[in-house]
Amino acid sequence: GYVSIKPIKESLPVYASLSVDSSGSVSKENYKAFIHSMTRAVERSSGNVKVALSKFDDEVQFVSMYSESRDGLTEKISAFERSGKKTLLYNSVYDSIEMLSKVNEGRKAVFIWTDGKDEGSSITADDVASFAREKGIPVVFITNKNSKHIPVMKRISKISGGTLHLIESKE
């Protein structure tokens, strides 16, 4: 259930956008598992991985842009709290892809910890999948194995060249 972000060559930087679903649709137990997994991904990332960090619920909030400070990133992750009534999942993925597409070097990827539920986004899952493929940025979803939205996340991941990872749920 853990995700590691490592570059293929040490000389090439990796730009990763990590985002967590902080909406009320995610149970407390799943949210704890997401935060733990996200923290571990940051801790295990190698030195030339530059991380953008965000959370989403009623809005998408970027709290760090391409930081290499592992301690600073884990501190910000631990300060995240569940809130909001909507889940702007597709907006979050789209915003992350758009941000990464402006970087002109290295490899790029979007990592999303979510239950897969989207409420209120102004774009669709198909829009996100097409945009990711067009920009050549893979989308990796990390979700609980009991999510009802696995097929949609799996489709976006496949079209974008990403993957889907399942973590244990205590529900």
Side-chain angles (χ1 to χ4, degrees), residues 1-57 59-84 87-89 92-93 95-103 105-116 132 136-147 149-150 153-154 156-157 160-171:
Y2 294 108
V3 175
S4 293
I5 308 164
K6 295 184 181 177
I8 292 175
K9 287 184 175 179
E10 282 301 317
S11 61
L12 290 177
V14 173
Y15 292 84
S17 177
L18 280 59
S19 190
V20 67
D21 182 342
S22 59
S23 71
S25 72
V26 176
S27 72
K28 287 181 183 180
E29 289 300 317
N30 284 332
Y31 187 70
K32 282 182 189 177
F34 292 167
I35 292 297
H36 178 73
S37 175
M38 186 183 222
T39 302
R40 294 285 297 191
V42 167
E43 290 170 346
R44 291 176 170 202
S45 63
S46 65
N48 66 342
V49 175
K50 299 173 188 330
V51 176
L53 192 61
S54 66
K55 69 182 207 106
F56 60 95
D57 42 56
E59 62 182 346
V60 180
Q61 297 177 315
F62 282 90
V63 298
S64 179
M65 299 301 286
Y66 307 130
S67 175
E68 295 177 15
S69 167
R70 302 301 173 249
D71 291 339
L73 289 167
T74 57
E75 201 173 288
K76 288 179 181 184
I77 293 169
S78 67
F80 285 166
E81 293 183 5
R82 289 173 57 235
S83 62
T87 310
L88 301 182
L89 169 60
S92 177
V93 178
D95 290 351
S96 293
I97 295 166
E98 185 173 47
M99 179 195 57
L100 287 171
S101 71
K102 294 176 182 172
V103 175
E105 66 176 349
R107 295 177 46 97
K108 305 163 210 164
V110 173
F111 296 83
I112 306 285
W113 283 261
T114 183
D115 61 2
I137 298 174
V139 178
V140 177
F141 284 102
I142 302 93
T143 191
N144 61 314
K145 68 180 186 175
N146 298 323
S147 172
H149 306 282
I150 288 174
M153 290 184 284
K154 189 180 270 188
I156 293 170
S157 291
S160 71
T163 56
L164 173 81
H165 297 271
L166 303 176
I167 59 177
E168 290 293 320
S169 170
K170 297 184 179 180
E171 294 185 325

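Computed from a predicted structure; not experimentally measured.
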Would you say S37's side chain and A33's backbone share a donor-acceptor pair under 3.5 angstrom?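 Between the backbone of A33 and the side chain of S37 there is no qualifying donor-acceptor contact (under 3.5 Å).
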Please answer whether the main-chain N or O of V139 pairs with a side-chain N or O of S160 as donor and acceptor at a distance below 3.5 Å.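 Yes; at least one donor-acceptor contact below 3.5 Å.
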Examine the side chains of S69 and S67 and answer whether a donor and an acceptor come within less than 3.5 Å of each other.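 No donor-acceptor contact under 3.5 Å links the two side chains.
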Less than 3.5 Å apart, any donor N or O on the side chain of S92 or S19 sitting next to an acceptor on the other?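 S19 and S92 do have a side-chain donor-acceptor pair below 3.5 Å.
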Sequence neighbours left out, what passes side chain to side chain donor-acceptor pair (under 3.5 Å) with T163? Give chain and number order.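 By the side chain to side chain donor-acceptor pair (under 3.5 Å) rule, T163 matches H165.
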Can you confirm whether [X] sits close enough to [Y] that some side-chain heavy atom of one is under 4.5 Å from a side-chain heavy atom of the other?
X: L164; Y: T143; answer: yes
X: E98; Y: I137; answer: no
X: K55; Y: S83; answer: yes
X: F80; Y: Q61; answer: no
X: V103; Y: K50; answer: no

D21 CG to F56 CZ distance, which is reported to the nearest 0.5 Å: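 It is 4.0 Å, given to the nearest 0.5 Å.
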What distance separates L166 CG from M153 CE, expressed to the nearest 0.5 Å?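 Between L166 CG and M153 CE, I get 8.0 Å after rounding to 0.5 Å.
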